[in-house]
Number of protein chains: 2
Amino acid sequence: MTRKSFERLTEDVRRTALLEATLDVVSQDGIPGASVRRIALKAGVSAGLIRHYFDTKEDMVRAAYMYLMDGLTMRAAEMAAKAKGQPEASLARFVQANLTKPSISEHAVTLWATFIGLNKSNAGYSDVHRDAYREFLEILEALIFPVLRANDRPDDSTTCRQLAIAMNGIVDGLWIEGSLAHGLYDSADLPRIALHACEGIMRLPDGSLTKHLTL
Amino acid sequence: MTRKSFERLTEDVRRTALLEATLDVVSQDGIPGASVRRIALKAGVSAGLIRHYFDTKEDMVRAAYMYLMDGLTMRAAEMAAKAKGQPEASLARFVQANLTKPSISEHAVTLWATFIGLNKSNAGYSDVHRDAYREFLEILEALIFPVLRANDRPDDSTTCRQLAIAMNGIVDGLWIEGSLAHGLYDSADLPRIALHACEGIMRLPDGSLTKHLTL
DNA sequence: TCCGTTGCTATACATTTGTATAATAATGTG
DNA sequence: CACATTATTATACAAATGTATAGCAACGGA
């Protein structure tokens, strides 16, 4: 019997490939369907190899979760950095970016939700979520502060924090429903809906944020 | 060998008990840990009985999901009905109720997220989510409309709908983070944060909703 | 009080699972 | 080009899983 020919990859490349295969399978078949064998098949690799990179299946799944959330928050931070200019434009672009593709994605929401569902049964997962959430809040706060200052609104840290919590809530909520593509409305409206709401939340004049909407 | 003694229950009672045991186990151990045997153990019943009530395990899990969402939206509708009086008070109480116990619940959020995570892999689940979401939107719209009218704000159906989408987003987003109890802030602040935000979203005078906060 | 119905237990079984280990071949280094 | 290293395949195995089925016992109607 002849063996399958294979390619030796560097540790990082193979490891990342395994993590991405894990996310693909979990997203497609759910946690119940995410067996070691199916993940290995997706990665084009024999099942035994997984134990060469991860001590246990759960280690791999948790690593995949961290990989996912790191990617999401990193992209969010990049979008925030890219949106330089006036404060309102930066904030608007950040919100808009989170509510358009590729952020709007059934794949990502499915995974995000799946892992939140594991929060309670496994302490490791809740740490990952909390860290990602905190980071997102910090990014939002940093974007909110200059907008408040430029508009002569109260900009103390408590206010910033509470506005960030509220605006993160609306972005998250719309991100979820928009990504699930249930057909109840056109998710192309979401950026406008969100920005109009954020204007109100921050008590800014109408149009302050929505006028920065880009097609 | 002596058999376990047991009690014969009516179909509905036993069925409901099985559904609740399913939700308990899924919430506590996640889908991976939710084996037929463990669910039966939780329900105080032998494993074989499950097949007497459900053709397959997946049937049971899906039924449990519907049972969960029915309960959540029914409670939401009850809260909306109970909150009679001026329009602002009704809306405020509805939002507050969704952001305090028992709605704020790690158990409920964990389950909600777990099943969203199965949306993609199994069409049946996404139907349940969509129906529950639509119902929630309709309740919110019905609460929003009289508030707009009483405040001489535009109250056409498009406006109502978009406000409902935005406000559902913020309620959902805060509900999730508040329930996960990650310790980043005190979730007792959430009702005030949400109502203050909703005032802004609807362009109501400050205090219109927050003054109806009850301790 | 008996007895049939059927809710329920108990057991069996083939599959799938995660993990462990031995064998092999791709690769870089001398 | 030989050779050691180790990434990778292949196989094995016990445990857990979903499902099927045989038979017991609780309860209601006669």
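So you know, we letter chains A, B, ... as the sequences are listed, proteins then strands, and number each from 1. Predicted model only: the values in this text are computed from it and were never measured. Note that these values count all heavy atoms, side chains included, but never hydrogens, waters or copies made by symmetry.
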Donor-acceptor contacts, no H, no angles, side chain residues 191-200 of chain A, under 3.5 Å, sequence neighbours left out:
residue: A/Arg192; atom: NH2; partner: B/Gln162; partner atom: OE1; Å: 2.9
residue: A/His196; atom: ND1; partner: B/Arg203; partner atom: NH2; Å: 3.2
residue: A/Glu199; atom: OE1; partner: A/Gly207; partner atom: N; Å: 3.2
residue: A/Glu199; atom: OE1; partner: B/Arg203; partner atom: NH2; Å: 3.2
residue: A/Glu199; atom: OE2; partner: A/Gly207; partner atom: N; Å: 3.1
residue: A/Glu199; atom: OE2; partner: A/Ser208; partner atom: N; Å: 3.4
residue: A/Glu199; atom: OE2; partner: A/Leu209; partner atom: N; Å: 3.1
residue: A/Glu199; atom: OE2; partner: A/Thr210; partner atom: N; Å: 2.8
residue: A/Glu199; atom: OE2; partner: A/Thr210; partner atom: OG1; Å: 2.9

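Although no hydrogens or angles enter the test, the distance criterion places a donor-acceptor pair under 3.5 Å between the side chain of A/Ser103 and the main chain of A/Ala97.
The closest side-chain heavy-atom distance from B/Ser46 to B/Lys4 is not below 4.5 Å. A/Val36 places none of its side-chain heavy atoms less than 4.5 Å from the side chain of A/Ile39. Side-chain contact between B/Lys42 and B/Gln28 is present, with at least one heavy-atom pair separated by less than 4.5 Å.
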Protein-nucleotides 26-28 of chain D N/O pairs under 3.5 Å:
residue: D/dA26; atom: N3; partner: B/Arg8; partner atom: NH1; Å: 2.3

Are any protein N/O atoms closer than 3.5 Å to N/O atoms in nucleotides 13-16 of chain D? If there are, list each pair with its distance.
none

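Every residue was checked against the salt bridge (charged side-chain N to carboxylate O under 4.0 Å, His left out) condition with B/Glu78, not counting sequence neighbours, and none meets it. Evaluation of the side-chain hydrogen bond (donor to acceptor under 3.5 Å, both in side chains) rule for A/Asp131 yields A/Arg134 as partners, not counting sequence neighbours. Looking at residues two or more places apart in sequence or on another chain, you find a ring-ring contact (aromatic ring centres under 6.0 Å, His included) between A/His182 and A/Tyr185, B/Tyr133. Scanning for side chain to side chain contact (heavy atoms under 4.5 Å, CB included) contacts around A/Arg51 gives an empty result, with sequence neighbours left out. For B/Ala142, the side chain to side chain contact (heavy atoms under 4.5 Å, CB included) criterion is met by no residue, not counting sequence neighbours. Remark: A/Tyr65 engages A/Phe115, A/Tyr125 in a ring-ring contact (aromatic ring centres under 6.0 Å, His included) (not counting sequence neighbours).
One can place CG of A/Leu49 at 17 Å from P of C/dT21, the figure rounded to the nearest angstrom. Atoms CD1 (B/Ile39) and C1' (D/dT17) sit 12 Å apart, rounded to a whole Å. As rounded to whole Å, 14 Å separates atom C1' of D/dT17 from atom CD1 of B/Ile31. Taking atom CG on B/Leu18 and atom C1' on C/dG7, their separation rounds to 12 Å, with Å as the unit. As rounded to whole Å, 15 Å separates atom C1' of D/dT17 from atom CG of B/Leu41.
Residues of residues 51-68 of chain A that place a heavy atom closer than 4.0 Å to DNA chain D, in numerical order, are A/His52, A/Tyr53. Listed by residue number, there are no residues of residues 114-122 of chain A with a heavy-atom contact under 4.0 Å to DNA chain C.
Taking the charged nitrogens against the carboxylate oxygens, B/Arg130 and B/Asp127 do have a contact shorter than 4.0 Å, which makes a salt bridge.
Residue pairs meeting the salt bridge (Lys or Arg N to Asp or Glu O under 4.0 Å) criterion with at least one partner in residues 158-181 of chain A, sequence neighbours excluded, are A/Glu141-A/Arg161.
Among the heavy atoms of the strands, none lies under 4.0 Å from B/Ile50.
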